[in-house]
2 protein chains.
Amino acid sequence: MLVRALANAGGEVRFAELQRRAPGISRKMLAQTLRELEYDGLVARRVEPTIPPAVHYSLTELGRTLIAPLDALREWAETHMVTVDEHRKRISAPLV
Amino acid sequence: MLVRALANAGGEVRFAELQRRAPGISRKMLAQTLRELEYDGLVARRVEPTIPPAVHYSLTELGRTLIAPLDALREWAETHMVTVDEHRKRISAPLV
DNA sequence: CAGCATCCCCGATGATACTG
DNA sequence: CAGTATCATCGGGGATGCTG
């Protein structure tokens, strides 16, 4: 997730760099999500008025409070995905 | 969320009861989601072969391990939603 | 570089009706 | 009671192209 990508970066990250850190996300969704997160006050956006412009994103203090609960979830997923997969196979009734 | 509704219930809950505990969710989505959760091994389903049938749902042990991280997130939301709302108003550029 | 603007499509979900 | 089947919609998101 974006918040994790921004957290990993530590400080500010530029748009393109963020895209590399969030593999699979399209430019459109990246831009859109960043706008939402900025709107919510979770992400700060800083524009350097050069040509071409350089835009830097970072987590706000509020955004950083989200890291822990989010990581808890991610860790749950990592720890239990194997178990879940095994259970799915055991059922062997491929749902849908 | 369903997991929370099941957690609240403590033990087994029947379909209709679950629907009451998860307001806003349609019968279709409830049934579908329950099947997925069962498939993943997070939810156990027990059918009493009476007429009409009585189906009982409950969290498995695996399902219960998900409660904590999920609640952490929910609590984050409850604690910070006010802040987020305030920030949105301060921006006053109604996004979209 | 960092986005918008468009067009387009498919899948997720709701509404409704039927059943063992 | 506890679903399933069918139909219709609607909007999220991808692809592409343009621009300050």
Side-chain angles (χ1 to χ4, degrees), chain A residues 1-60 63 77 84 88 91-96, chain B residues 1-60 63 77 84 88 91-96:
Chain A
M1 168 189 302
L2 272 196
V3 171
R4 188 92 276 285
L6 283 163
N8 282 339
E12 294 188 318
V13 200
R14 301 187 55 181
F15 191 87
E17 166 75 10
L18 209 42
Q19 211 175 0
R20 251 169 283 126
R21 286 176 183 271
I25 185 171
S26 69
R27 222 178 342 174
K28 179 180 173 180
M29 283 318 294
L30 183 56
Q32 191 176 123
T33 309
L34 282 171
R35 258 184 294 132
E36 292 170 3
L37 291 176
E38 189 194 358
Y39 182 57
D40 295 345
L42 300 176
V43 158
R45 181 192 152 125
R46 188 174 64 79
V47 184
E48 277 179 41
T50 54
I51 294 181
V55 184
H56 302 262
Y57 292 96
S58 56
L59 286 180
T60 62
V84 168
R88 286 176 178 165
I91 298 293
S92 74
L95 191 56
V96 177
Chain B
M1 173 193 299
L2 272 196
V3 172
R4 190 91 275 285
L6 284 164
N8 283 338
E12 294 189 317
V13 201
R14 300 187 54 181
F15 191 87
E17 167 75 10
L18 210 42
Q19 213 175 359
R20 252 169 281 125
R21 285 175 183 270
I25 185 172
S26 69
R27 218 175 347 169
K28 177 180 173 181
M29 284 317 292
L30 182 56
Q32 190 174 123
T33 309
L34 282 171
R35 261 186 292 132
E36 292 170 1
L37 291 176
E38 190 195 357
Y39 182 57
D40 294 346
L42 300 176
V43 159
R45 179 188 165 166
R46 187 174 66 81
V47 184
E48 277 179 40
T50 55
I51 294 180
V55 184
H56 302 264
Y57 293 95
S58 57
L59 286 180
T60 62
V84 168
R88 286 174 178 164
I91 297 294
S92 75
L95 191 56
V96 176

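Every chain is numbered from 1 and lettered A, B, ... according to where its sequence line falls, protein lines coming before strand lines.
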Between atom [atom1] of [X] and atom [atom2] of [Y], what is the distance when rounded to the nearest 0.5 Å?
X       : Y       : atom1 : atom2 : result
A:Met29 : A:Gln19 : CE    : CD    : 12.5 Å
A:Tyr57 : A:Arg46 : OH    : CZ    : 12.0 Å
A:Leu18 : A:Glu12 : CG    : CD    : 12.0 Å

Please report, rounded to the nearest Å, how far the [atom2] atom of [N] is from the [atom1] atom of [X].
X       : N     : atom1 : atom2 : value
B:Leu18 : D:dA2 : CG    : P     : 10 Å
B:Glu38 : D:dA2 : CD    : P     : 15 Å
B:Arg20 : D:dA2 : CZ    : C1'   : 13 Å
A:Leu34 : C:dC1 : CG    : C1'   : 14 Å
B:Glu17 : D:dC1 : CD    : P     : 12 Å

Does A:Leu30 form a side chain to side chain contact (heavy atoms under 4.5 Å, CB included) with A:Leu2? I'd like the steps, not just the answer. CA-CA 8 Å; A:Leu30 183 56; A:Leu2 272 196; 3.5 Å; yes
Among pairs that include at least one residue of residues 21-31 of chain A, which meet salt bridge (Lys or Arg N to Asp or Glu O under 4.0 Å), considering only residues two or more places apart or in two chains?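 Listed once each, the pairs are A:Glu17-A:Arg21.
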So A:Leu34 and A:Phe15, do their side chains get closer than 4.5 Å, heavy atoms only?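 Sidechains of A:Leu34 and A:Phe15: in contact.
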Please walk me through it: do A:Asp40 and B:Arg88 pass side chain to side chain contact (heavy atoms under 4.5 Å, CB included)? CA-CA 6 Å; A:Asp40 295 345; B:Arg88 286 174 178 164; 2.8 Å; yes
Counting primed atoms plus P, OP1 and OP2 as sugar-phosphate and everything else as base, spell out the protein contacts along nucleotides 9-16 of chain C at 4.0 Å heavy-atom distance: B, S or - for each nucleotide, 5' to 3'. ----BBB-
Is A:Arg14 near enough to C:dC1 that one of its side-chain N or O atoms lies under 4.0 angstrom from OP1 or OP2?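 So the side-chain polar atoms of A:Arg14 never come under 4.0 Å of the phosphate oxygens OP1 or OP2 of C:dC1.
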Where along residues 41-60 of chain A does a heavy atom fall under 4.0 Å from DNA chain C?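 Those residues are A:Arg45, A:Pro52, A:Pro53, A:Val55, A:Tyr57.
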Among B:Val43, B:Leu59, B:Thr60, whose side chain to side chain contact (heavy atoms under 4.5 Å, CB included) with B:Leu37 holds?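 Testing B:Leu37 for a side chain to side chain contact (heavy atoms under 4.5 Å, CB included) against B:Val43, B:Leu59, B:Thr60 leaves exactly one candidate, B:Val43.
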